[in-house]
Engineer: 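Below are the structure tokens for one structure; questions will follow.
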Amino acid sequence: MELKSNAPTGPIETRWDRHRFGMKLVNPANKRKYKVIVVGTGLAGASAAATLAELGYNVDAFCYQDSPRRAHSIAAQGGINAAKNYQNDGDSIYRLFYDTVKGGDFRARESNVYRLAQISVQIIDQCVAQGVPFAREYSGLLDNRSFGGSQVSRTFYARGQTGQQLLLGAYQALEKMIDAGGVKMFPRREMLDLIVVDGRARGIVTRNMVDGTMEIHMADAVCLATGGYGNVFYLSTNAKGCNVTASWRAHRRGALFANPCYTQIHPTCIPVHGDYQSKLTLMSESLRNDGRVWVPKNKDDVGKKPGSIPEEDRDYYLERMYPSFGNLAPRDISSRGAKTVCDEGRGVGPGGLGVYLDFADAIKRVGKAKIAERYGNLFEMYEQITAENPYEVPMRIYPAVHYTMGGLWVDYNLQSTIPGLFVLGEANFSDHGANRLGASALMQGLADGYFVIPATIGNYLASEGGGKLYEKRPGVDHAEAIKVRDEVSARLDKLLHSKKPTRTPASFHRELGKLLWDNCGMGRTAKRLEAALARIPALRQEFWDTILVPGTGEELNQTLEHAGRVADFLEFAELLCKDALHREESCGGHFREEHQVEEGPEKGEAQRNDELFQYVAAWEWKGADAPQVLHKEALDFEHVKPSQRSYK
Amino acid sequence: MAGDAKTMNLRLHVWRQTSVKDEGRFEEYAAKGVSPGMSFLEMLDVVNEELITTGKQPLAFDHDCREGICGACGVMINGNAHGPQGATTTCQLHMRSFSDGDELWIEPWRARAFPVLRDLMVDRSAFDRIIAAGGYASVRTGSARDANEILIPKQNADSAMDAAACIGCAACVAACPNASAALFTAAKVTHLAELPQGQPERMRRVVRMVDQMDIEGFGHCTNHRECEAACPKQISVAVIAQMNRDYLRAKLIAPADNENAGSGG
Ligand SMILES: Cc1cc2nc3c(=O)[nH]c(=O)nc-3n(C[C@H](O)[C@H](O)[C@H](O)COP(=O)(O)OP(=O)(O)OC[C@H]3O[C@@H](n4cnc5c(N)ncnc54)[C@H](O)[C@@H]3O)c2cc1C
Ligand code: FES
């Protein structure tokens, strides 16, 4: 199989324009004859569904929550980037493009990233017109902040609730189209498989989560916007329901899975506090603008009250290791810093897995009132969870899994290797390379949904099947559809009736999560990855032998839902480790301890290997009993020349 | 963590109902070894793990983000929507708000417009239909002008944001003796009414949304203000006054505009 990116060539500034002009259009009168399925109604899916319906297509949209307004996108706090240069501080489309390619550690496609930076500008216009209440200056103009160590202020935000406000904007647009009859919304539905007929994605199998009915939905194209797979680690900042099921099932039907080992660990989360812990809470990155990160210099001091440790006995390790970026060093680097000092036994709090984020100096400098104005809601949230007052004692933070750069492989048109299957938002692998910059996920989700897919899907529909795909749309009684549905039912049945039902889905999920966190987390080695790869199949076997799910499939059954997701995580985890093992280099979120800079000022930093690994690793499913096969999409860097990322 | 060493034992009376058709009843459970650092939902997780291991159906409840923003969670705890602590969702409520030996009555949101699906889960799709009736500012994708061409005084942007902070959890309905959805509906009406982008459809919006509220079977607002007290995002009842003013104005001053108000988007 040859991976064709279909990325345009020629001057980068006009690639997207020229590409769009080259695409076929669907005759307006014909649009209503087509049906498009959109799975997932987070930022990417809701914006796509609303826009496609506006254009005249019939859209069926699906989500597992009771309402599209609750997608995981709702939780994004910090903001959304756009190259508006409203601050006149030197930003431009080219700079956002440059920062994103470099931030991604030279593992993204230049054409895609440039398009993303271009579209970013339109996204803000669109959202403001919808009434998204972004923060304003007294002049009435939009306010911006600098985010995630960026040198320019290009981040738009709505208090600490940017994701919420952007999602509500897209949700409202979606509800409008539901009211107008353009979108049929199916909430509380879980997609459990993809239906491929004659080599084209033609439909999905869903389970109605209220009464257990198995449903078949057929269409002329399928869009997956089902989010990331961070929950494979069990503990993450993702919503509890986030899963890999839709992507994984599509993978098993022929869609290649790209770069699964690129996972992002966020440095500022509230540390784990007990075995019962069900998720981790992010503390916005903006806190690092004023907080200073430290641990005791001596192991013996870790149990002491932080206030009693004198200045000279503290190690402000980020400031020490990265004098020019200090506490604002990028996410991957800050996270690894925390791991290093904790591994040395200098971590604080329960289990020694925490570092201090201290506001004492900032409070002295600008006053408590100013700090409260900047971070009041975050301080409250922290206190609510930990019962500690961060105005008085330093916060304790620790890195946690946060975002996944890997995902289903897509070409420039966001089409997967299955014709007619498009993938949007965090679910695809495309624009962030090996590391995503803060405030860029919201931008990408909305770029995909509002602007890219409405253009590219038209080209697919107009070109394929003589422009008459709708005429040949298989019905819900098509033999392949029935076959897939029956396979799904049989799988659910297996979950409900294991040989020796004794262990809960949560207990397996926790065990898998810990295995991955220990062996395929912030620092990876061949030895530990091999150990994980040896353990996962056994764990999977144990799962199928002993999984315990009370009740039946014909009713609302949350244990069954969880069991199904864990079953897919158990398969996916193996590919994640395999990809991490094969990538014999360190880049972005993927840090192989064997591959560090050995000497000089960058000693200990990630060592990329461009000669051997400047490619996208896309894995092909070859059946349950055969190993996946690796395909490579080579990456070219014509504009941003690969260099060592340096933040010293 | 200070105080976290001590664990508690609680007695739970939880509403059990297998489906919309079932009548439902309270059943009693023991929550043992609860640590004060647990969230309320983590406490339920522990109870559920035990139920599952003994082959029993766990307590069904809605949840997703577990950080107080998605609006999925929400139960009545001893008659309080989202429990005893103000300005908090059920997922952000921590067990340190309770004491050893406490007895808790845990129920789903109760309202005619919210059928109980199972145990603590209800169907809140009526809220989506209220938004679909007009809770948006229409803008075709790609047709927007430059964002900074619309100047919005900071004060308006801030009060729009105050109203837009609603998470749609429906605690307001559950807390209201009349099961009114006025706070939820008014929050969206006010968010958009505060902004220039919301003006063209303002009258039509308020009429359609308020009418939809009635169609869904929510009760009327008679100023009990329980909604405001229960709201995890502290949305003020002032938005209801704003909605009522707009509704009256739409009915009195601009009747022509409402002629087609109910005719579908
Ligand atoms: C705490 C937190 C803070 C963040 N802050 C920022 C930030 O400040 N800026 C930024 O740019 N990014 C941020 N991110 C990242 C960003 O929020 C996400 O990457 C982005 O919102 C993903 O959007 P999405 O539309 O791709 O997917 P999601 O929002 O995850 O939506 C997935 C959708 O798919 C549906 N779904 C999933 N599986 C199935 C299935 N099997 N069947 C049916 N439906 C399914 C769900 O119901 C949902 O509707 C943050 C992430 C977290 C966790
Ligand atoms: S689970 Fe999202 S608000 Fe409680």
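Below, chains carry the letters A, B, ... as their sequence lines are ordered, and counting in each starts from 1. The figures here come from the full heavy-atom set of this structure, side chains too, leaving out hydrogens, waters and symmetry mates.
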Engineer: Pick one of side chain, backbone, both or neither for B:I150, based on which atoms fall under 4.5 Å of a heavy atom in chain A.
Structural biologist: both
Engineer: Please look at A:T559 and chain B and tell me whether the side chain, the backbone, both or neither of the residue comes under 4.5 angstrom of a heavy atom of that chain.
Structural biologist: side chain
Engineer: Please output the residues of residues 46-55 of chain A in contact with chain B, using a heavy-atom cutoff of under 4.5 Å, in numerical order.
Structural biologist: A:T51, A:E54
Engineer: Using every non-hydrogen atom in the two residues, find where B:F127 and A:Y171 come nearest and quote the distance to one decimal.
Structural biologist: O-OH, 4.3 Å
Engineer: Where on B:S97 is there a heavy atom nearer than 4.5 Å to chain A: the side chain, the backbone, both, or neither?
Structural biologist: neither
Engineer: Okay, side chain of A:Q164, backbone of B:A165: is any donor-acceptor separation there less than 3.5 Å?
Structural biologist: yes
Engineer: For the pair B:Q57 and A:N557, evaluate side chain to side chain contact (heavy atoms under 4.5 Å, CB included) and give the outcome as yes or no after the intermediate values.
Structural biologist: CA-CA 8 Å; B:Q57 279 281 25; A:N557 190 334; 4.3 Å; yes
Engineer: With distance as the sole test, does A:Q172 use its side chain to make a donor-acceptor pair with the main-chain N or O of B:I131 at under 3.5 Å?
Structural biologist: no
Engineer: If you count heavy-atom pairs under 4.5 Å between each of B:D128, B:L192, B:D62 and chain A, which one has the most?
Structural biologist: B:D128
Engineer: Nearest 0.5 Å, please: how far is CG in B:D64 from CZ in A:R70?
Structural biologist: 9.5 Å
Engineer: As an exercise: rank B:A160, B:S125, B:A164 by heavy-atom pairs under 4.5 Å with chain A and give me the winner.
Structural biologist: B:A164
Engineer: Kindly indicate whether the side chain of A:Y276, heavy atoms from C-beta on, has any atom under 4.5 Å from the side chain of B:S35.
Structural biologist: yes
Engineer: Tell me, out of A:Q277, A:M381, A:M185, A:R188, who's got the most heavy-atom pairs with chain B below 4.5 Å.
Structural biologist: A:R188
Engineer: Applying salt bridge (Lys or Arg N to Asp or Glu O under 4.0 Å) to A:K84 and B:D146, what does each step give before you reach the verdict?
Structural biologist: CA-CA 10 Å; A:K84 281 285 196 187; B:D146 184 84; 2.9 Å; yes
Engineer: Measure distances from B:L93 to the heavy atoms of chain A and classify the residue's part below 4.5 Å as side chain, backbone, both or neither.
Structural biologist: neither
Engineer: Heavy-atom distance under 4.5 Å to chain A: side chain of B:T141, backbone, both or neither?
Structural biologist: both
Engineer: Nearest 0.5 Å, please: how far is CZ in B:R145 from CG in A:D125?
Structural biologist: 10.0 Å
Engineer: Which bit of B:Q85 is near chain A, if near means a heavy-atom gap under 4.5 Å: side chain, backbone, both or neither?
Structural biologist: side chain
Engineer: Under 4.5 Å heavy-atom distance to chain A, tell me which part of B:V34 shows up: side chain, backbone, both or neither.
Structural biologist: neither
Engineer: Highest number of heavy-atom pairs under 4.5 Å with chain B: which of A:F134, A:Y64, A:F156?
Structural biologist: A:Y64
Engineer: Can you tell me which portion of B:D158 sits under 4.5 Å from chain A's heavy atoms? Options are side chain, backbone, both or neither.
Structural biologist: both
Engineer: Under 4.5 Å from any heavy atom of chain A, what part of B:M121 do you find: side chain, backbone, both or neither?
Structural biologist: side chain
Engineer: Which region of B:I130, side chain (C-beta onward) or backbone (N, CA, C, O), has a non-hydrogen atom less than 4.5 Å from a non-hydrogen atom of chain A, or is it both or neither?
Structural biologist: neither
Engineer: Measuring from A:T237:OG1 to B:R66:CZ, what's the distance to the nearest 0.5 Å?
Structural biologist: 14.5 Å
Engineer: Do NZ/NE/NH1/NH2 and the carboxylate oxygens of B:R208 and A:D179 come within less than 4.0 Å?
Structural biologist: yes
Engineer: Who among B:V20, B:I69, B:V139, B:N148 has the most heavy-atom pairs with chain A under 4.5 Å?
Structural biologist: B:N148
Engineer: So, taking the atom named OG1 in B:T89 and the one named CD in A:Q384, what distance separates them when rounded to the nearest 0.5 Å?
Structural biologist: 7.5 Å
Engineer: When only pairs under 4.5 Å are counted, which of B:S138, B:A72, B:A132 shares the most heavy-atom pairs with chain A?
Structural biologist: B:A132
Engineer: Evaluate B:E67 against A:T281 for side chain to side chain donor-acceptor pair (under 3.5 Å), listing each step before the verdict.
Structural biologist: CA-CA 7 Å; B:E67 31 186 274; A:T281 303; 4.5 Å; no
Engineer: For each of A:M177, A:R159, A:Q161, tally heavy-atom pairs with chain B at distances under 4.5 Å, and name the one with the top tally.
Structural biologist: A:R159
Engineer: Using the side chain to side chain contact (heavy atoms under 4.5 Å, CB included) rule, pick out the option among B:D119, B:T18, B:L117 that qualifies with A:L556.
Structural biologist: B:L117
Engineer: Do A:Q126 side-chain atoms and B:G142 backbone N/O form a donor-acceptor pair below 3.5 Å?
Structural biologist: yes
Engineer: Would you say the side chain of A:P133 lies within less than 4.5 Å of the side chain of B:H191, judging by non-hydrogen atoms?
Structural biologist: yes
Engineer: Using non-hydrogen atoms only, which part of B:D45 is less than 4.5 Å away from chain A: side chain, backbone, both, or neither?
Structural biologist: side chain
Engineer: Would you mind checking which part of B:K188 comes under 4.5 Å of any heavy atom in chain A, side chain (CB onward), backbone (N, CA, C, O), both or neither?
Structural biologist: side chain
Engineer: Under 4.5 Å, counting heavy-atom pairs only, tell me which of A:H72, A:Q165, A:Q122 racks up the most with chain B.
Structural biologist: A:Q165
Engineer: Given the options B:G68, B:P196, B:G198, B:G135, which has more heavy-atom pairs under 4.5 Å with chain A than any of the others?
Structural biologist: B:G135
Engineer: Compare every heavy atom of B:E49 with every heavy atom of A:S507, then report the nearest pair and how far apart it is.
Structural biologist: N-OE1, 4.3 Å
